[in-house]
Amino acid sequence: MAMSSDKVKSLLHEVESFKIETKEQLENFRLQFLSKKGSIQELFGRIKDIEPAMRKEYGAVVNDLKNKAEEKFIALKEKFEYTPAESTGIDYSLPGEPMQSGAMHPISIARNRIIEIFSAIGFVVSDGPEIEDDWHNFSALNFPEEHPARDMQDTFFVSPTDEGDTKGPMALRTHTSSVQVRIMENNQPPIRTISPGRVYRNEAISARAHCFFHQVEGLYIDTDVSFADLKQTLLYFAKEMFSSDTKIRLRPSYFPFTEPSAEMDISCSICKGKGCNVCKYTGWVEILGCGMVDPAVLDNCKIDSKKYSGYAFGMGIERIAMLNHGINDLRLFSENDLRFLRQFGGV
Ligand code: PHE
């Protein structure tokens, strides 16, 4: 004990006489006396070597020393705007930044739902290139060369490359029917597939038209496929996509690759057929084109048109998303305005 109290006294002297005139000296003082490895802590550690009867007294003396050292330290701390060297400078008591979680894009929501509905009745998803050759986008689909039918879909042509085995001039695909040509060329019936994807048309951008948009096209080829199969499949789709009381209406139309061809309207999902500005007070909204695959298209793709028949349909995903969410301007889908996107889930 005698040795220890000498040590305490000499440390007390050291504490009192330690000269602190700079921030660095203050830090040295802290390290020497007050840190976990400092000399005062060391004295506390020695308590176990003290006779039990003397421990209380010893503890009090060391505590007193510690208080004196702390007082001296605190008194000078503010003066030197002190921060300990090991401080990270981070204030852990500040409230955290909120985490922003993303939201699904309304086009992805509609596309996923369409895929889900057709997957349930056996359609598989197929994919193809967005830069397409003339054969797959037009010629195989019965668009004769130089025929005005090609003007139905204003096309972005791209410079030809020497790479790969392409057939005819290259363009950004104007519809995903091009994927269906590729599927037919490489598979024999039965074929039951849908091809979702982005398509491009050279149109002025407005609330109702855009130079790119998204489609899902469907194709079903087997023996004895009839127009009744097409109609029933589309009725099933409309009821699943909108509501079970949705009605459909098929109007005769023209596409080079289907015969007969039709456009399908659904009873307006917004006003339930009463009339509103979405259905232009007709009670009906057009959502897709369809028809029986023209035998010439089957033959172009090496499928025997005497043995097989099939139907095809194609719809714009934006159109479906607009009806689902009451969106009235196509441009909103590609402007990436967070105020718009946040409405579909997430923060
Ligand atoms: N490919 C057509 C379009 O983009 C849609 C369609 C597909 C029509 C299949 C009939 C059959 O407009």
Side-chain angles (χ1 to χ4, degrees), residues 1-113 115-116 198 214 321 324-327 329 331-347:
M1 174 66 194
M3 190 205 92
S4 295
S5 72
D6 282 354
K7 176 86 185 155
V8 174
K9 262 190 218 142
S10 80
L11 259 186
L12 181 62
H13 178 69
E14 274 183 50
V15 165
E16 281 169 348
S17 60
F18 197 101
K19 246 183 38 202
I20 303 177
E21 281 162 355
T22 63
K23 205 171 174 173
E24 287 70 36
Q25 287 168 339
L26 181 67
E27 174 65 358
N28 287 339
F29 178 85
R30 186 188 70 83
L31 288 172
Q32 192 170 328
F33 300 108
L34 292 169
S35 66
K36 273 193 195 132
K37 288 184 183 150
S39 41
I40 297 180
Q41 202 57 41
E42 193 196 328
L43 285 184
F44 278 121
R46 286 193 199 169
I47 203 156
K48 58 184 185 306
D49 305 330
I50 306 288
E51 275 173 55
M54 304 297 286
R55 281 186 189 166
K56 195 171 170 195
E57 192 192 326
Y58 175 79
V61 177
V62 180
N63 223 9
D64 190 48
L65 171 66
K66 186 183 144 208
N67 289 341
K68 290 213 164 82
E70 276 182 355
E71 273 165 31
K72 179 163 177 158
F73 178 74
I74 289 165
L76 291 163
K77 199 171 131 171
E78 272 189 22
K79 181 169 162 195
F80 296 118
E81 288 175 351
Y82 170 86
T83 45
E86 66 263 31
S87 160
T88 56
I90 295 170
D91 182 350
Y92 292 103
S93 66
L94 283 176
E97 293 268 329
M99 275 272 265
Q100 303 265 338
S101 62
M104 284 274 273
H105 194 283
I107 292 190
S108 303
I109 297 173
R111 184 200 53 208
N112 293 351
R113 181 73 189 122
I115 292 175
E116 205 171 70
R198 182 174 288 178
H214 300 79
N324 274 344
H325 302 288
I327 299 165
D329 191 330
R331 291 169 291 197
L332 287 165
F333 289 119
S334 50
E335 278 169 352
N336 278 341
D337 186 333
L338 288 178
R339 291 167 303 178
F340 172 73
L341 295 173
R342 279 189 181 134
Q343 297 175 68
F344 306 98
V347 183

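- Put simply, the side chain of Arg30 never gets that close to the backbone of Ser35: no donor and acceptor are under 3.5 Å apart.
- For the atom pair CZ of Arg339 and CG of Leu332, the computed distance is 10.0 Å after rounding to the nearest 0.5 Å.
- In this structure a side-chain-to-backbone donor-acceptor pair under 3.5 Å is missing from His105 to Ser334.
- Listed here is the closest heavy atom pair of Ala321 and Ala110: CB-CB, 4.1 Å.
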In a table with atom names and distances, give each donor-acceptor pair under 3.5 Å that connects a side chain of residues 59-74 to protein atoms at least two apart or in another chain.
unit_1: Asp64; atom_1: OD2; unit_2: Lys68; atom_2: NZ; d: 3.1
unit_1: Lys72; atom_1: NZ; unit_2: Val15; atom_2: O; d: 3.0
unit_1: Lys72; atom_1: NZ; unit_2: Glu16; atom_2: O; d: 3.1
unit_1: Lys72; atom_1: NZ; unit_2: Phe18; atom_2: O; d: 2.9

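- The heavy-atom pair separating Ile50 from Arg55 by the smallest distance is O-NE, 3.0 Å.
- A salt bridge is absent between Lys23 and Glu27: the closest approach of a Lys/Arg side-chain nitrogen to an acidic carboxylate oxygen does not fall below 4.0 angstrom.
- Note on ring orientation: taking the six-membered ring where Trp is involved, the planes of Phe344 and Phe340 are perpendicular (angle over 60°, cut-offs 30° and 60°).
- Qualifying side-chain contact (heavy atoms from CB on, under 4.5 Å) partners for Ile115, counting only residues two or more places apart in sequence or in other chains: Arg111, Ser119, Val125, Ile194, Pro196.
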Check the pair Phe333 / Ile327 against side chain to side chain contact (heavy atoms under 4.5 Å, CB included), numbers first and verdict last. CA-CA 9 Å; Phe333 289 119; Ile327 299 165; 3.8 Å; yes
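- Shown here for Asn112 and Met104, the closest heavy-atom pair between the two residues is ND2-CE, 3.3 Å.
- The main-chain N or O of Ala103 is never found under 3.5 Å from a side-chain atom of Arg342 such that the two would form a donor-acceptor pair.
- The salt bridge (Lys or Arg N to Asp or Glu O under 4.0 Å) check on Glu24 picks up nothing, with sequence neighbours excluded.
- No side-chain heavy atom of Gln343 sits under 4.5 Å from any side-chain heavy atom of His325.
- The backbone N or O of Glu51 lies less than 3.5 Å from no partner atom in the side chain of Tyr58, so there is not a single donor-acceptor pair.
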